[in-house]
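Notes for the one structure printed next.
For clarity, every value in this text was computed on a predicted model and none was experimentally measured.
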Amino acid sequence: MAIETRTETPNVSVSDYLRKNIREYGLLLALVVIMLLFQFLTGGVLFKPVNITNLVLQNSFIIIMALGMLLIIVAGHIDLSVGSIVAFIGGISAIMLVKWGWHFSIVVPLCLILGAAMGAAQGYWVAYQKIPSFIVTLAGMLVFRGLTYVVLEGRPIGPFPKEFQLLSTGFIPDFLSFTDPATSIVKNYVALITVLALVGWAIYSGMKNRRLNEQHGTPNEPVVFFAGQMAVISVVAIFLGFQLSTYRGLPNVLVVMGVLIAFYTFVTTRSTIGRRIYAMGGNEKATKLSGINTERLTFYTFVNMGVLAALAGMIIAARLNSATPKAGVGFELDVIAACFIGGASASGGVGKIIGAVIGAFIMGVMNNGMSIMGIGIDYQQLIKGLVLLAAVFFDVYNKNKAV
C-alpha cells in the first residue's frame with residue numbers, strides 16, 4: 001500500500017526574514033520616503049503629471065546603463081567609459097542621420113553594433129589580458145572622449161529627423177479613448193489600463209510563486225511582508241500610472257526601459273549565464289575550476305555594457321535633438337552610484353536588477369527634487385556623495401554584522 005507523503009513548508013520568522021532582506025525592503029521604503037519628502041518640500045510639484053514625465057525622460061538612460069553596469073559590478077569589475085561611449089555614439093548617429101542622410105532604421109542597429117564593438121575592445125584586455133578594468137576603462141573614457149571631439153570637430157550637430165526623436169520624446173498613442181480627451185480627466189486610457197494590467201500580473205505572479213514554493217517545500221516570505229510589498233508597489237504604480245494618463249500617457253522610452261528591466265531580471269534570476277556571472281563574482285577561481293569559461297563571461301559583460309551605453313547615447317541625443325562633444329560627462333558616476341545605492345557589492349557577486357532600478361530612481365528623484373527647490377549644483381553633488389557613502393557603509397556594516 002502506497003503511503004502518501006507531504007512536504008511541510010518551513011516557517012520563516014518575521015525577525016529572521018527581516019534581518020536577511022533588510023536591504024531590499026529598506027531600499028523600497030527609502031524611495032517612498034524620499035518621494036514623499038520632496039513632494040512636501042516642492043509644494044506638490046514633484047508628483048505633477050508633467051514633472052513625472054520629465055523624471056522618466058531625464059533618468060531613463062541612467063536606468064538603462066545601470067542594468068549593464070550591475071552585471072559588470074557583480075562580475076567584480078567596473079566600467080568608467082560609459083559616459084564617453086554615450087557621447088561618441090551620439091556623435092556618430094548625428095553624422096549618419098544629419099550629414100549623410102541615412103534612415104534611422106539603419107542607423108540605430110549600426111550604432112548598437114558599434115557600441116558592442118567598443119565594449120568588446122575593452123572586454124578583451126580585461127578578460128584575456130588580465131588588465132584591471134579600472135585602468136582599461138579609464139583609458140577607454142579618455143580615448144572615446146577624444147574620438148568624440150574628432151568626429152564632431154568640436155561642434156554640436158543637429159537637429160535630428162522627427163522619427164529618430166520619437167525614441168526619446170514620443171508617447172504611446174491612445175487607441176482606447178472612450179471620451180473626448182478635451183473634457184476628460186484621463187487623456188490616455190492605454191497608460192492607465194496598461195499599469196492596472198501590470199499590477200494585476202505582479203500580484204498573480206507573486207501568489208503563484210508562493211504556491212509553487214509551498215508545493216516544493218521552499219520557505220516563503222512572511223505573509224505580512226508579501227502583502228505589504230504588493231500593497232506599496234500597487235499603490236505607487238497605480239498613482240503614477242494615473243498621473244501619466246492625465247497628461248500624454250506612456251513615453252516610448254519608458255516602454256523600452258520596462259522591456260529591458262524585465263529581460264535583465266529574467267537573465268539574472270532564471271538563466272544559466274546569469275547564475276554563472278554571480279558565481280564568478282563571488283569566487284572566480286572556484287568558478288573557473290568548475291569548468292566555466294570566466295574569460296568569456298567577463299568579455300560578454302563588457303560587450304553588453306557597450307550595447308546599452310550606445311542605446312543610452314541615442315536616447316540622450318534624440319532628447320536633446322543635438323549631439324555635443326560634452327554629452328555624457330559624469331554619467332558613469334551616476335550609473336555606478338545607482339548600482340551601489342541599489343545594493344550591489346564592491347567585491348562582486350551581490351546585486352539585483354530591481355535594486356539598481358530603485359537606486360537609479362532614488363538618484364533621479366533627488367536630482368529632480370533639489371533642482372525644483374533651487375538647490376545649487378555644488379550642494380547637490382555634496383548631498384549625493386553623502387547618500388552614496390551612507391549606502392555603501394550600510395552594506396559593509398550588514399556584512400560585518402552577519403559574520
Side-chain angles (χ1 to χ4, degrees), residues 31 35 45-67 86 89-90 93 104-105 108 111-112 158-177 181 184-199 202 233 236-265 308-322 327-328 331 334-335 338 353-354 356-358 360-365 367-369 371-372:
L31 177 60
M35 292 174 69
V45 175
L46 184 70
F47 286 160
K48 285 188 175 181
V50 176
N51 193 61
I52 292 175
T53 300
N54 288 335
L55 189 62
V56 171
L57 298 179
Q58 291 170 1
N59 295 280
S60 57
F61 55 88
I62 298 294
I63 295 173
I64 288 172
M65 287 192 287
L67 301 176
V86 162
I89 294 297
S93 64
F104 78 94
S105 62
V108 171
C111 285
L112 294 178
F160 290 107
K162 294 294 183 182
E163 298 84 358
F164 184 76
Q165 293 181 46
L166 291 177
L167 177 65
S168 182
T169 60
F171 292 81
I172 302 298
D174 184 19
F175 49 85
L176 298 175
S177 181
S184 174
I185 296 178
V186 177
K187 310 296 182 184
N188 191 300
Y189 283 93
V190 169
L192 185 59
I193 293 175
T194 300
V195 171
L196 290 174
L198 289 175
V199 168
I233 293 175
V236 172
I238 292 173
F239 173 76
L240 296 178
F242 175 77
Q243 292 293 87
L244 290 174
S245 71
T246 62
Y247 182 49
R248 298 180 63 184
L250 298 174
N252 291 340
V253 72
L254 178 61
V255 176
V256 173
M257 187 174 69
V259 171
L260 288 175
I261 291 172
F263 173 74
Y264 281 93
T265 299
L308 293 178
L311 176 59
M314 289 185 284
I315 290 173
I316 294 168
R319 181 170 180 268
L320 299 176
N321 200 19
S322 174
F331 283 3
D334 283 341
V335 174
I353 291 296
I354 190 62
V357 173
I358 293 175
F361 270 116
I362 288 176
M363 295 288 290
V365 170
N367 287 333
N368 187 268
S371 297
I372 294 173

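- The CE atom of Met65 sits 5.5 Å away from atom CD1 of Ile316, with the distance rounded to the nearest 0.5 Å.
- Note that OG1 of Thr194 is 14.0 Å distant from OH of Tyr189, once rounded to the nearest 0.5 Å.
- You'll find the side chain of Leu57 reaches within 4.5 Å of the side chain of Val253, heavy atoms only.
- In this structure the side chain of Val256 reaches within 4.5 angstrom of the side chain of Leu311, judged on heavy atoms.
- Interatomic distance, CG of Leu167 versus CZ of Phe160, reported as 10.5 Å (0.5 Å rounding).
- Although no hydrogens or angles enter the test, the distance criterion places no donor-acceptor pair under 3.5 Å between the side chain of Gln165 and the main chain of Asn321.
- Side-chain atoms of Ile261 and Leu67, non-hydrogen and from C-beta on, do get closer than 4.5 Å to each other.
- The side-chain heavy atoms of Phe61 and Val335, taken from C-beta on, include no pair separated by under 4.5 Å.
- A pairwise comparison of heavy atoms in Ala312 and Val86 identifies CB-CG2, 4.3 Å as the closest pair.
- Around CZ of Phe331, the count of heavy atoms belonging to other residues, nucleotides or ligands within 6.0 Å exceeds 12.
- Distance check, rounded to the nearest 0.5 Å: CG of Leu198 to CD1 of Ile233 gives 12.0 Å.
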(request) Using the side chain to side chain contact (heavy atoms under 4.5 Å, CB included) rule, take Ile52 and Leu244 through it: C-alpha gap first, then chi angles, then the decisive distance, then the call. (result) CA-CA 7 Å; Ile52 292 175; Leu244 290 174; 3.9 Å; yes
(request) Evaluate the side chain to side chain contact (heavy atoms under 4.5 Å, CB included) criterion for residues Val357 and Tyr264: first the C-alpha distance (whole Å), next the side-chain angles of each, then the deciding distance (0.1 Å), finally the verdict. (result) CA-CA 11 Å; Val357 173; Tyr264 281 93; over 6 Å; no
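- Sorted pairs that involve residues 245-254 and meet side-chain hydrogen bond (donor to acceptor under 3.5 Å, both in side chains), not counting sequence neighbours, are lacking altogether.
- The distance from atom CG of Leu240 to atom CE of Met35, rounded to the nearest 0.5 Å, is 5.0 Å.
- Side chains of Ile185 and Phe242 form a contact here, defined as non-hydrogen atoms less than 4.5 Å apart.
- The side-chain heavy atoms of Phe164 and Val108, taken from C-beta on, include a pair separated by under 4.5 Å.
- The side-chain hydrogen bond (donor to acceptor under 3.5 Å, both in side chains) analysis of residues 51-63, with sequence neighbours excluded, yields the pairs Asn51-Asn368, Gln58-Asn368.
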(message) As a quick check of understanding, evaluate side chain to side chain contact (heavy atoms under 4.5 Å, CB included) for Leu46 and Val365, giving each step before the final call.
(response) CA-CA 8 Å; Leu46 184 70; Val365 170; 4.2 Å; yes
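- Of the inter-residue distances, the one linking Ile172 atom CD1 with Leu254 atom CG reads 9.0 Å to the nearest 0.5 angstrom.
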